[in-house]
**Q** 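Shown below is the structure under consideration.
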Amino acid sequence: MKVTNDALLLSAPLQSAQVHWGVALISGTGSIAVRLEHTRGGYCATQKRGGYGHLFGDPGSGYHLGLEAIRAAAEDADRGGKSILGQRLAQVFGTEHIEDVPAKAVGQ
């Protein structure tokens, strides 16, 4: 058994396709980009970007995109706007105003 990140799961289809390298781009809860190359011992990551988690920067992750959407809608509301994004986010979080979304998002 080996504990690794999900980008290395690309090695299985690379091996079955008998190719020497591949690139995995993953944008889920987190984000990572990795280049895998075939070596004597199998596939290994030769270049990597991201995968550090939301506290240290995972641009392109679901967490980051959601956070930026809330920030953009909140800034618009601070300027007196009522964006469709803000309205939809408020609806998703079960409130009427974007100003209430941050507290809902952290469970207060």
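Just so we're clear, the structure is a prediction, and the values are computed from it rather than from any experiment.
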**Q** How close do Ser27 and Gly62 get, heavy atom to heavy atom, and via which atoms?
**A** OG-N, 4.4 Å
**Q** Which heavy-atom pair separates Ser31 from Pro59 by the least distance, and what is that distance?
**A** OG-O, 2.9 Å
**Q** Given a cutoff of under 4.5 Å between side-chain heavy atoms of I, L, V, M, F, W and Y, with clusters grown through shared members, what are the other residues clustered with Val23?
**A** Trp21, Leu25
**Q** Applying salt bridge (Lys or Arg N to Asp or Glu O under 4.0 Å), which residue pairs with at least one partner in residues 59-71 are found, sequence neighbours left out?
**A** Glu68-Arg71
**Q** Taking side chain to side chain donor-acceptor pair (under 3.5 Å) as the definition, give me every residue that meets it alongside Thr95, ordered by chain and number, with sequence neighbours left out.
**A** Asp100
**Q** Measuring from Leu36:CG to Lys48:NZ, what's the distance to the nearest 0.5 Å?
**A** 12.0 Å
**Q** Looking only at heavy atoms, which two atoms of Ala73 and Gly86 are closest? And how far apart?
**A** CB-CA, 3.6 Å
**Q** Quick check: are there more than 12 heavy atoms from other residues, nucleotides or ligands sitting under 6.0 Å from CD1 of Ile84?
**A** no
**Q** Among residues at least two apart in sequence or on other chains, which ones pass salt bridge (Lys or Arg N to Asp or Glu O under 4.0 Å) with Arg88?
**A** none
**Q** Would you please name every residue forming a ring-ring contact (aromatic ring centres under 6.0 Å, His included) with His97, sequence neighbours left out?
**A** none
**Q** Compare all side-chain heavy atoms of Glu37 with those of His20 and state whether any distance is below 4.5 angstrom.
**A** no
**Q** List, by chain and number, the other hydrophobic cluster members for Val92, where Ile, Leu, Val, Met, Phe, Trp and Tyr join if side-chain heavy atoms come within less than 4.5 Å, directly or indirectly.
**A** Ile70, Leu85, Leu89, Phe93, Ile98, Val101
**Q** The criterion is ring-ring contact (aromatic ring centres under 6.0 Å, His included); which residues satisfy it with Tyr52, sequence neighbours excluded?
**A** none
**Q** Considering only residues two or more places apart or on different chains, which pairs with a residue in residues 52-61 satisfy salt bridge (Lys or Arg N to Asp or Glu O under 4.0 Å)?
**A** none
**Q** I'd like to know if the side chain of Gln87 reaches the main chain of Lys82, judged simply by a donor and an acceptor atom lying under 3.5 Å from each other, with no hydrogens or angles considered.
**A** yes
**Q** Linking directly or through intermediates, with side-chain heavy atoms under 4.5 Å: list the remaining ILVMFWY members grouped with Tyr63, chain and number order.
**A** Leu67
**Q** Check salt bridge (Lys or Arg N to Asp or Glu O under 4.0 Å) between Glu75 and all other residues, then give those that pass, not counting sequence neighbours.
**A** Arg79
**Q** Kindly state each residue pair satisfying salt bridge (Lys or Arg N to Asp or Glu O under 4.0 Å) with at least one member in residues 15-34, sequence neighbours excluded.
**A** none
**Q** Output all residues satisfying salt bridge (Lys or Arg N to Asp or Glu O under 4.0 Å) with Arg49, sequence neighbours left out; order by chain, then residue number.
**A** none
**Q** Between atom CD of Glu99 and atom CG of Asp78, what is the distance when rounded to the nearest 0.5 Å?
**A** 7.5 Å
